[in-house]
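Here's the structure we're looking at; comments come further down.
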Amino acid sequence: MMSAATAALEMVPARATAHAGPERTVLIVSPHFPPSTLAGVHRARHLAKHLPSHGWRPIVVRVDDTHYTERADAALAALVPASVQQIRCGAIPASLARLAGIGDISLRGYFPLRRAIAEAVVAYRPHAILITGSPYYPMLLSSWIRQHAKIPVVLDFQDPWVSAEGAMHRTWTKAGLVHRLAVALEPRAVRQADFVTSVSARQNAEMALRYAWLDPRHMAAIPIGGDPDDFDALRSGPPSELQVQFDPDRINLSYVGTFLPRAEHLVRTILRAARALKQTQPELAARIRLNFIGTSNQPDRTEAYRVRPIAEEEGVGDLVSETPQRVPYLEALYLLAMSHGLLLIGSDEPHYTASKIYPALMSGRPYVSLFHRQSSAHDILAGAGGGRTFCFDTPDDLANLVRPLAGTLADLAASPGQFGRADPAAYDAYTAHSVAGDFARVLDQVASSQSR
């Protein structure tokens with residue numbers, strides 16, 4: 001029997017009868033959306049705000065936040081313009097889904113999302129549908145959408161669904177099973193997509209190697225970017241009820257973001273540089289506080305310390321302060337802006353690109369960065385100015401960076417003015433407005449191809 005969602009889609013007129021006018025409509029499918037605090041919400045948030053200036057009307061299809069398990073961030077939700085149309089759907093309650101070992105919001109809301117898309121197609125007759133992840137499971141709807149709605153689908157991978165890190169887990173662990181599921185499901189989703197985007201050319205190249213049938217002409221690398229407008233919300237004063245208070249008697253050098261699974265070698269290198277500084281300039285080192293904030297990436301993981309144990313092993317526990325829980329977005333921006341300097345640390349994976357670098361550059365604070373040489377983040381930072389960039393090819397190279405990093409930490413603490421400021425022109429292509437323009441061109445391409 002035909003489902004209600006499928007029946008609704010069968011009522012959609014042929015694309016040739018789509019409404020006239022210069023503005024086209026796109027459904028942005030993002031199970032998480034503000035007030036969710038998860039990092040993945042910013043892609044959809046940026047596009048929802050800035051696509052209209054590029055000729056596209058965005059309609060966000062998301063799970064209602066009453067079904068989120070993370071703490072809500074009302075201040076982040078306030079950054080979404082009131083004009084943005086949102087379609088909220090239900091989901092299986094988390095308490096019930098956990099009985100079956102399921103926590104992923106996109107699995108709990110999979111069929112409600114499909115039904116919401118079907119109803120939106122009938123009501124708004126969109127010219128394209130963009131599904132952004134993670135979570136990735138809604139991307140499996142691409143086949144269903146093409147079959148029943150015949151609307152072009154763009155899949156946007158903010159991180160790799162199939163990753164080298166995932167392949168390292170044992171087969172019958174939960175993480176190993178998730179990886180095996182990704183290997184089985186990703187090609188099914190990608191094969192039905194009209195266009196694929198990811199945050200880096202390296203990530204696209206790896207996907208193209210996995211699937212010989214994937215046409216590189218239908219792929220684009222578009223970073224997450226950052227929105228300078230977000231800093232305007234801080235000009236009226238600091239966010240209320242700050243979770244992190246800097247020691248005013250210290251020189252605060254801060255890393256704001258998740259402690260990545262493949263970042264330990266890099267973090268140890270920074271901490272060893274701090275130890276070297278402590279040995280050569282103990283008085284200066286004693287004035288420094290290395291702040292690691294939001295390392296667990298979970299708003300409620302207040303005791304999940306990941307950096308502190310490493311700092312104690314390296315003999316610099318007295319120089320390090322760690323706040324494991326993910327802090328609200330505007331507080332994170334505030335902490336960037338109030339730091340004397342920033343620590344921008346990547347991963348040992350070549351494809352890794354960090355969305356956190358864009359708010360860091362926009363904060364105007366000096367920085368020291370450490371990324372893989374092939375990471376797009378390293379190239380962007382090296383061209384931006386306002387800091388010192390370090391890179392490596394293999395983890396074995398990191399030992400040679402300890403001394404120059406120690407010198408840079410000393411300079412960052414003693415005379416940050418010598419670093420200057422990042423050139424806004426260097427990150428203009430990575431502002432949320434520019435990124436939305438890149439997506440608008442992709443949407444123009446798939447919509448035009450469909451109308452031929």
Side-chain angles (χ1 to χ4, degrees), residues 39 159-160 162-170 173 175-176 179 199-200 202-203 206 253-280 285 288 290-297 301 304-324 341-357 360 367-382 387-410 412:
D159 288 301
V162 176
S163 68
E165 191 274 330
M168 295 174 63
H169 295 286
R170 293 182 179 179
T173 63
H179 174 71
V199 294
S200 72
R202 174 85 183 208
Q203 190 172 325
E206 291 178 354
L253 308 180
S254 304
Y255 171 90
V256 182
T258 308
F259 181 90
L260 300 163
R262 300 280 294 272
E264 181 174 341
H265 293 307
L266 284 70
V267 171
R268 281 191 182 275
T269 301
I270 295 290
L271 295 177
R272 287 170 181 172
R275 183 177 64 194
L277 179 62
K278 186 177 178 179
Q279 293 169 344
T280 57
I288 293 175
L290 303 178
N291 301 290
F292 290 84
I293 302 160
T295 49
S296 75
N297 198 32
R301 299 292 299 276
Y305 294 101
R306 302 185 180 185
V307 177
R308 182 192 288 179
I310 301 174
E312 291 173 352
E313 289 176 13
E314 297 296 342
V316 291
D318 57 325
L319 304 185
V320 170
S321 173
E322 182 178 8
T323 303
L342 305 179
L343 307 175
L344 304 180
I345 305 171
S347 161
D348 65 7
E349 294 179 286
H351 70 76
Y352 178 73
T353 182
S355 60
K356 67 174 75 72
I357 69 172
Y367 62 86
V368 55
S369 69
L370 180 58
F371 285 84
H372 194 284
R373 186 183 303 276
Q374 295 183 44
S375 169
S376 60
H378 172 67
D379 290 338
I380 293 166
L381 291 168
R388 289 186 194 164
T389 57
F390 293 85
C391 65
F392 61 97
D393 292 302
T394 70
D396 293 337
D397 299 334
L398 292 170
N400 297 324
L401 299 179
V402 171
R403 287 193 177 278
L405 279 167
T408 297
L409 290 177
L412 197 57

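Hydrogens, waters and symmetry mates are skipped; everything else that's a heavy atom, side chains included, is used. Sequential numbering from 1 along the given sequence is applied to the chain's residues. All values reported here derive from a predicted model rather than from experimental measurement.
- The structure places CD of Glu264 at 12.0 Å from OG of Ser347, a figure rounded to the nearest 0.5 Å.
- Salt bridge annotation for Arg308-Glu322: absent, with no cationic side-chain nitrogen under 4.0 angstrom from a carboxylate oxygen.
- The two residues Leu409 and Ile270 come nearest to each other via the heavy atoms CD1-O, 4.1 Å.
- In plain terms, the two heavy atoms of Arg262 and Asp348 that are nearest each other are NE-OD1, 2.8 Å.
- With values rounded to the nearest 0.5 angstrom, Ile293 atom CD1 is found 15.5 Å from Phe259 atom CZ.
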Checklist entry - Should Tyr367 and Thr389 be marked as a side chain to side chain contact (heavy atoms under 4.5 Å, CB included) after you check the CA-CA gap, both sets of side-chain angles, and the distance that decides it? => result CA-CA 8 Å; Tyr367 62 86; Thr389 57; 4.2 Å; yes
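- Interatomic distance, CG of Leu319 versus CG of Asn291, reported as 11.0 Å (0.5 Å rounding).
- In terms of modelled atom types and a separation under 3.5 Å, the side chain of Ser254 and the main chain of Val256 share no donor-acceptor contact.
- Contact annotation: the side chain of Leu290 never approaches that of Tyr255 to less than 4.5 Å [non-hydrogen atoms, C-beta and beyond].
- Side-chain contact between Asn400 and Phe392 is absent, with no heavy atoms from C-beta onward closer than 4.5 Å.
- Of the candidates Ile380, Leu344, Thr408, Leu344 is the only one forming a side chain to side chain contact (heavy atoms under 4.5 Å, CB included) with Ser369.
- Contact annotation: the side chain of Glu349 never approaches that of His372 to less than 4.5 Å [non-hydrogen atoms, C-beta and beyond].
- For the pair Ile310/Arg268, a side-chain contact is recorded, criterion being any heavy-atom separation below 4.5 Å from C-beta on.
- Electrostatic pairing of Asp397 and Arg373 does not count as a salt bridge here, judged by no charged N lying under 4.0 Å from a carboxylate O.
- Across every non-hydrogen atom of Ala276 and Val402, the tightest pair is CB-CG1, 4.3 Å.
- Atom CG in Leu401 sits 12.0 Å away from atom CZ in Arg272 (nearest 0.5 Å).
- Between the CZ atom of Phe292 and the OG1 atom of Thr258 there is a distance of 13.0 Å, given to the nearest 0.5 Å.
- In this structure, Lys278 and Asp318 have side chains that are in contact, with non-hydrogen atoms separated by less than 4.5 Å.
- The minimum heavy-atom distance linking Ser200 with Ser376 is given by the pair CB-OG, 4.2 Å.
- Residues Ile288 and Leu277 have side chains in contact (heavy-atom distance under 4.5 Å, counting atoms from C-beta outward).
- Between Leu370 and Leu266 the shortest heavy-atom distance is O-CD2, 3.4 Å.
- Between Ala263 and Gly346, the shortest heavy-atom contact is CB-O, 3.4 Å.
- One finds the CG atom of Leu271 at 10.0 Å from the CD atom of Glu313 (value rounded to the nearest 0.5 Å).
- Side-chain atoms of Ile345 and Thr269, non-hydrogen and from C-beta on, never get closer than 4.5 Å to each other.
- Using a 4.5 Å cut-off on side-chain heavy atoms (C-beta onward), Cys391 and Phe371 make no contact.
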